[in-house]
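Only one structure is covered here, and it is reproduced in the block below.
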Amino acid sequence: MKRPWKDVSVPLRDGMIHWPGDPECHIKRVSSMDDGAVCNLTHISMSAHTGTHMDAPRHFIADGMTMEQMPLEPVIGRCRVFELLDCEDQITVDDLKKLKIAPRQRVLFKTRNSTRSWAMNEFDKDFVSIRADAAQYLVDQGVVTVGVDYLSIGGFNKDGVETHQIMLGAGIWVIEGLNLAEIKSGYYELICLPLKLEGADGAPCRVVLR
Ligand SMILES: [Zn+2]
């Protein structure tokens, strides 16, 4: 029997942590049965890069693909989760070389972000990210999809632009904002379905593994 699916997306909630400077996440009940309305109705407003979400190439590449153009292969199928729990700052080429990443793989990186950053009440500026040369190494390895366990593949004060430009420029599909606390290293089936936002540079998504 197959093991149960595990949800590795974070809950979207009103006022939740977001990238500094990006629009806040507002989720408000605008019609409520408690107040006599015939139904409950919720209004949402947020950045497309809130919580667990994907980056389309258009995020950093002026004429890059947008969310509704995303092929399904990068987000459905076998993936590999790598635990890099000793990484304190940035994932480096040396860290990645040890992993023997195969071409055409979908890879998710679990770092201390999953237990540390998501537990914080404020945005964690010191989250573990991917160094620019490590991003280039992933491109050279020919990976199709890269997932990380906080809000950006690049760091807050380092390589934020470069890492995005390198990976999105090479056509890698990026999943950000995963919570992999309950997941160990190994092979999984991945299903990640972002909203089909036309013309968008990113979209929130639900991600499950088993
Ligand atoms: Zn993003």
Side-chain angles (χ1 to χ4, degrees), residues 7-13 15-27 44-72 74-75 79 81 90-91 106-111 113-114 116-118 120 122-132 134-136 138-139 143-180 190-208:
D7 192 338
V8 290
S9 13
V10 298
L12 292 177
R13 60 171 76 94
M16 72 184 287
I17 283 169
H18 59 87
W19 191 262
D22 284 4
E24 290 173 18
C25 177
H26 292 298
I27 304 178
I44 60 177
S45 109
M46 59 189 188
S47 149
H49 298 258
T50 302
T52 309
H53 70 278
M54 289 194 68
D55 283 3
R58 184 67 61 94
H59 193 28
F60 276 82
I61 309 297
D63 58 351
M65 283 168 91
T66 48
M67 283 317 303
E68 82 284 9
Q69 299 173 324
M70 183 191 73
L72 292 173
V75 290
C79 81
V81 175
Q90 288 184 297
I91 297 172
R106 307 172 186 92
V107 296
L108 310 182
F109 296 112
K110 175 184 177 181
T111 70
N113 297 343
S114 281
R116 182 191 123 110
S117 308
W118 287 121
M120 291 170 63
E122 288 162 26
F123 177 81
D124 182 10
K125 292 183 177 170
D126 298 318
F127 68 94
V128 177
S129 57
I130 301 174
R131 220 167 79 169
Q136 185 58 50
L138 290 168
V139 170
V143 303
V144 227
T145 311
V146 172
V148 293
D149 56 356
Y150 204 54
L151 292 167
S152 173
I153 44 174
F156 185 67
N157 286 318
K158 48 211 158 196
D159 299 0
V161 174
E162 295 83 350
T163 292
H164 275 94
Q165 285 176 341
I166 291 166
M167 299 218 298
L168 297 174
I172 291 178
W173 287 89
V174 170
I175 310 170
E176 295 171 328
L178 296 164
N179 186 337
L180 299 169
L190 162 77
I191 299 180
C192 164
L193 290 174
L195 297 179
K196 199 169 183 174
L197 297 180
E198 219 167 59
D201 44 77
C205 53
R206 191 77 176 255
V207 187
V208 294

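Computed over heavy atoms, backbone and side chain alike; hydrogens, waters and symmetry mates excluded. Counting starts at 1 for both ligands and their atoms, in listed order. Not measured: the values here are computed from a predicted model.
Within the 4.5 Å cutoff, the side chain of Val174 has no heavy atoms near those of the His59 side chain.
To the nearest 0.5 angstrom, Met65 atom CE is 10.0 Å from Arg58 atom CZ. Distance check: Asp149 CG to Thr111 OG1 gives 3.5 Å after rounding to the nearest 0.5 Å. Atom CG of Asp55 and atom CE of Met67 lie 8.5 Å apart (nearest 0.5 Å).
Here the side chain of Ser152 pairs a donor or acceptor atom with the backbone of Gly154 at under 3.5 angstrom.
If you look at the Zn ion (ligand 1), the protein N, O or S atoms less than 2.8 Å from it are His49 ND1, His53 NE2, Asp55 OD1, Glu176 OE1.
Applying the 6.0 Å contact sphere to CD1 of Ile44 captures no more than 12 heavy atoms from other residues, nucleotides or ligands.
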